[in-house]
Chemist: 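I am attaching a structure below and will ask some questions about it afterwards.
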Amino acid sequence: MRLNNRISIVASGTDGIGLSKEADATVYLVNGKSECALVDAGFGNTTELICDEIQRDGYQLSDVKKIILTHGHADHAGGVLELAKRIGAKVYAMESTALAMENADMEFFSMNAAKKAGMFPDDFILKACEVYPLADGQQIKVGDLCLNAMVTEGHCAGHMSYWGDMDGVRYLFSGDAIFYHGKISVLATADSNIPMYMRTIKRLYQLKPDALLPGHGCFTLSGADKHIKKAMGYVKRLELPKNYNEDLY
Ligand SMILES: [Zn+2]
């Protein structure tokens, strides 16, 4: 579903816009004209639905040269190996996530604990995948656009957000770092980290994006800074912002 001539949503589960299957996080396509990139890859049972949606929005699968992962959780990255093979794209993520993905290390993102808690199906297995590492501040060229990698840990280890200025609008692809209404996603897992999360919110607040495109829930194409300001208000009082997960269960 095209949001404008630069951004499409090509997958989104039941806590998004319900475009694909329930377990999918929202997957965005970024159009850099001579090439495209996807931000995240979905859970893994929707590869053909994603391919259909890319083409329905007027793009060729071969236009998509890169898949950029926000983090390794199954709803964002479970489908990346199959999708990357199907469309012939290279996969990118933060260095530590790239290493964990290459080693199919589910412990790194606490995915074994998440499976036990019923967040992912019992039979889910992370498949090893070649992933190119990204450092904080690294620029990723997508045709005439540039996406900037920003470490935004706190939700889980190895989490990055990506931002870019396109046609006068600052877009933030925030994964599970920050959501509409300034909600966050702290988990009771070994790699969810509150001090890191507070730093993440401060960094995102300084970025002052216009468009907030998170991995779940509502998105907005304008006024994103107001949502992040709401989270920042909690941080200034040394409180945790509202937790998005409370809406899910
Ligand atoms: Zn997550």
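FYI, the numbering just counts along the sequence from 1. Counting starts at 1 for both ligands and their atoms, in listed order.
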Chemist: Thinking salt bridges, do E35 and K141 make one under a 4.0 Å N-O criterion?
Modeler: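 The answer is no: the pair does not qualify as a salt bridge.
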Chemist: Would you say H155 has an N, O or S atom lying under 2.8 Å from the Zn ion (ligand 1)?
Modeler: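 An N, O or S atom of H155 is closer than 2.8 Å to the Zn ion (ligand 1), so yes.
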Chemist: Identify, by name, the N, O or S atom of D176 lying closest to the Zn ion (ligand 1).
Modeler: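 For D176, the N/O/S atom sitting closest to the Zn ion (ligand 1) is OD2.
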Chemist: Is the Zn ion (ligand 1) less than 2.8 Å from an N/O/S atom of H159, whether that atom is in the backbone or a side chain?
Modeler: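 No N, O or S atom of H159 is closer than 2.8 Å to the Zn ion (ligand 1), so no.
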Chemist: Can a salt bridge be assigned to the pair R86 and E48 using a cut-off of 4.0 Å between side-chain N and carboxylate O?
Modeler: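 Salt bridge between R86 and E48, a charged N being under 4.0 Å from a carboxylate O: yes.
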Chemist: Hey, is the Zn ion (ligand 1) within less than 2.8 Å of some N/O/S atom on H71?
Modeler: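 True for H71.
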Chemist: Going by atom types alone, do D176 and S185 pair a side-chain donor with an acceptor below 3.5 Å?
Modeler: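 There is no such pair between these side chains.
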Chemist: Can you tell which of L147, N5, D210 makes a side-chain contact (heavy atoms from CB on, under 4.5 Å) with M166?
Modeler: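 It is L147; the other options fail the test.
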Chemist: Identify whether the distance between the nearest side-chain nitrogen and carboxylate oxygen of E53 and R56 falls below 4.0 Å.
Modeler: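 Looking at E53 and R56, the cut-off is met.
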Chemist: Just wondering, is there an N, O or S atom on D75 that's nearer than 2.8 Å to the Zn ion (ligand 1)?
Modeler: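 D75 does not place any N, O or S atom closer than 2.8 Å to the Zn ion (ligand 1).
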Chemist: Which is the closest N/O/S atom of H73 when seen from the Zn ion (ligand 1)?
Modeler: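 The closest N, O or S atom of H73 to the Zn ion (ligand 1) is ND1.
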